[in-house]
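These values consider heavy atoms only, across backbone and side chains, with no hydrogens, waters or symmetry-generated copies.
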Amino acid sequence: MERIKKQKGQAAITDALFFLVIVMALVSFLFFFTSQYGRSVGEYASSKYASDYATSALKTVLYSSFSRNSDPLESSDEVDFLVAGLKEDYAYDKKIDYFKEDLTLSVKNVMNPVRNAFDYLFFIRVSDGSDVYKFPYFYISRKHFTTEQDEFFVGSVESEEREYYCAVDNQSDIDNFISFVGIQGQAISSIGFPLSKKLTEDEGESFHEGTVQIILWNPKHFEEDNTLFSDLNCIQIT
Amino acid sequence: MHFCFSHRRRLNSKGYLGPIGDDLPSLIPLVFALVIFFSSFYSTVEAYNTKTVDFENDIAVVQVSASLRGTGYVSSLSDFEKTCNALNVRQPLFSSGLIPLEEEIDIFDLDSQYILDAETNNPFKCSNTDKVLTEGKALGANIKIVSRTYPLVLEKNFTDADGKEKTIVIPVKLVVVAWRE
């Protein structure tokens with residue numbers, strides 16, 4: 001008992017060290033709280049922006065005027081909505097080829113402000129009444145990253161914008177690819193494609209139901225021989 | 001061992017410093033712990049306040065842009081102004097409007113970039129302040145700037161060279177820049 005009384009200093013420093021341990025635990029909690037606070041809100045805000053942008057982009061592409069001849073829009077005598085041109089194009093031969101470049105140009109212009117933030121795909125899907133979908137237009141814009149690397153360190157990373165037209169066979173290939181890149185925002189709009197009189201006589205249907213869809217994701221590195229990408233049968237256009 | 005020895009020696013000597021002085025070594029981790037705790041607490045509160053302000057700015061920009069976008073189709077300046085007047089945002093300060101789709105945005109010179117209405121020559125602009133964001137302000141320590149861009153379509157009515165009334169729908173972009181001073 002006498003010996004313990006004489007060791008007051010040791011008890012005090014042990015208490016202080018315990019206090020220090022408790023404080024360290026509290027400080028760790030505070031740092032964890034700081035790093036996590038608002039993270040989910042930030043992610044939600046980013047995803048919301050991507051979705052809002054995709055919705056606005058889709059409306060803008062479909063409602064914009066375009067010149068049917070090569071004249072500038074303001075002086076052209078043949079001005080129409082782009083969506084009307086697409087319907088007309090599809091009605092002729094169930095393909096979108098005549099106004100394909102106009103559509104691509106419009107999509108690229110509208111997506112230009114966020115071209116560095118997102119990769120995206122834009123496609124039209126048509127159903128002829130059966131369960132099989134057809135994709136008369138499918139466009140992808142993505143960044144391809146190349147790195148210069150020595151034995152130990154990554155030197156520099158450069159990105160190159162690449163564009164593709166794809167001949168997609170089925171929806172599951174798109175779903176698999178989207179699962180791989182991770183969706184950030186998307187917008188979809190239904191659209192009816194009337195058929196020409198000749199096609200209507202052949203098929204007995206007057207129009208095909210379709211959708212126009214745009215999907216955005218954060219740029220992700222992958223090679224073109226990636227199976228999920230190669231399944232889309234894409235051909236680079238730039 | 002060394003500590004116990006000196007402690008005992010001090011108790012027996014005339015240089016005894018009293019209860020605080022005697023426990024002086026234990027005060028070092030105590031003070032160290034308190035300093036660490038309060039400094040990390042302060043930095044946590046600072047980070048919390050900073051992020052909260054950022055979120056408030058983000059929310060304000062989302063509200064303003066959602067209202068101004070509407071259906072995504074702007075038919076006229078009066079239509080745009082009507083929507084703008086319905087907005088009730090006091091903080092943060094914001095300036096927004098329509099600019100040509102192909103034009104690069106300069107947030108310090110937005111007023112000269114906004115599209116002018118062909119009839120009235122007034123800009124498609126919506127703002128809750130007469131103040132202008134400058135580079136000097138942007139470099140300030142406490143300023144927070146949030147900027148968002150969305151594509152829209154704008155109906156444009158005009159008379160062509162042949163005197164014919166024409167209507168075209170052009171893609172433009174809605175820019176919203178918000179900041180706190």
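- Chain B forms more heavy-atom pairs under 4.5 Å with one residue of A/Val41, A/Leu26, A/Asn112 than with any other, namely A/Val41.
- In summary, of the residues considered (B/Phe32, B/Phe37, B/Phe38), a side chain to side chain contact (heavy atoms under 4.5 Å, CB included) with A/Val23 occurs for B/Phe37 alone.
- The part of A/Ser35 that comes within reach of chain B is its backbone (N, CA, C, O), which places non-hydrogen atoms under 4.5 angstrom from that chain.
- Looking at B/Tyr150, the atoms closer than 4.5 Å to chain A (heavy atoms on both sides) sit in the backbone and in the side chain alike.
- For chain B, the option among A/Ser76, A/Ser65, A/Ala16, A/Gly42 with the highest count of heavy-atom pairs below 4.5 Å is A/Ser65.
- Within the 4.5 Å cutoff, the side chain of A/Phe122 has no heavy atoms near those of the A/Met111 side chain.
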**OP:** Evaluate the criterion salt bridge (charged side-chain N to carboxylate O under 4.0 Å, His left out) for residue pair B/Arg69 and A/Asp52; output intermediate values, then yes/no.
**Re:** CA-CA 10 Å; B/Arg69 274 186 295 133; A/Asp52 286 350; 3.4 Å; yes
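- Taking the six-membered ring for Trp, A/Phe118 and A/Tyr53 have ring centres at least 6.0 Å apart.
- A/Thr55 does not touch chain B: none of its heavy atoms, backbone or side chain, sits under 4.5 Å away.
- Heavy atoms of A/Leu30 lying under 4.5 Å from chain B belong to its backbone as well as its side chain.
- Outside the 6.0 Å centre-distance limit, the rings of A/Tyr98 and A/Tyr92 are not counted as a close aromatic pair.
- Proximity to chain B involves both the backbone and the side chain of A/Tyr37, based on heavy atoms less than 4.5 angstrom apart.
- For B/Ile59, the side chain to side chain contact (heavy atoms under 4.5 Å, CB included) partners two or more places apart in sequence, or in a different chain, are B/Gln63.
- Residues satisfying the side chain to side chain contact (heavy atoms under 4.5 Å, CB included) test with B/Asn57, not counting sequence neighbours, are B/Val53, B/Pro92, B/Lys144, B/Val146, B/Arg180.
- For A/Phe81, the part lying near chain B is the side chain, with the backbone staying farther off; criterion is any non-hydrogen pair under 4.5 Å.
- With a 4.5 angstrom heavy-atom cutoff, A/Val79 touches chain B only via side-chain atoms.
- If you measure heavy-atom distances from B/Phe41 to chain A, the contacts under 4.5 Å come from both the backbone and the side chain.
- Screening A/Tyr164, A/Phe135, A/Phe177 for a side chain to side chain contact (heavy atoms under 4.5 Å, CB included) with A/Leu232, the sole residue that qualifies is A/Phe177.
- Among B/Ser43, B/Ser65, B/Pro171, the residue with the largest count of heavy-atom pairs under 4.5 Å with chain A is B/Pro171.
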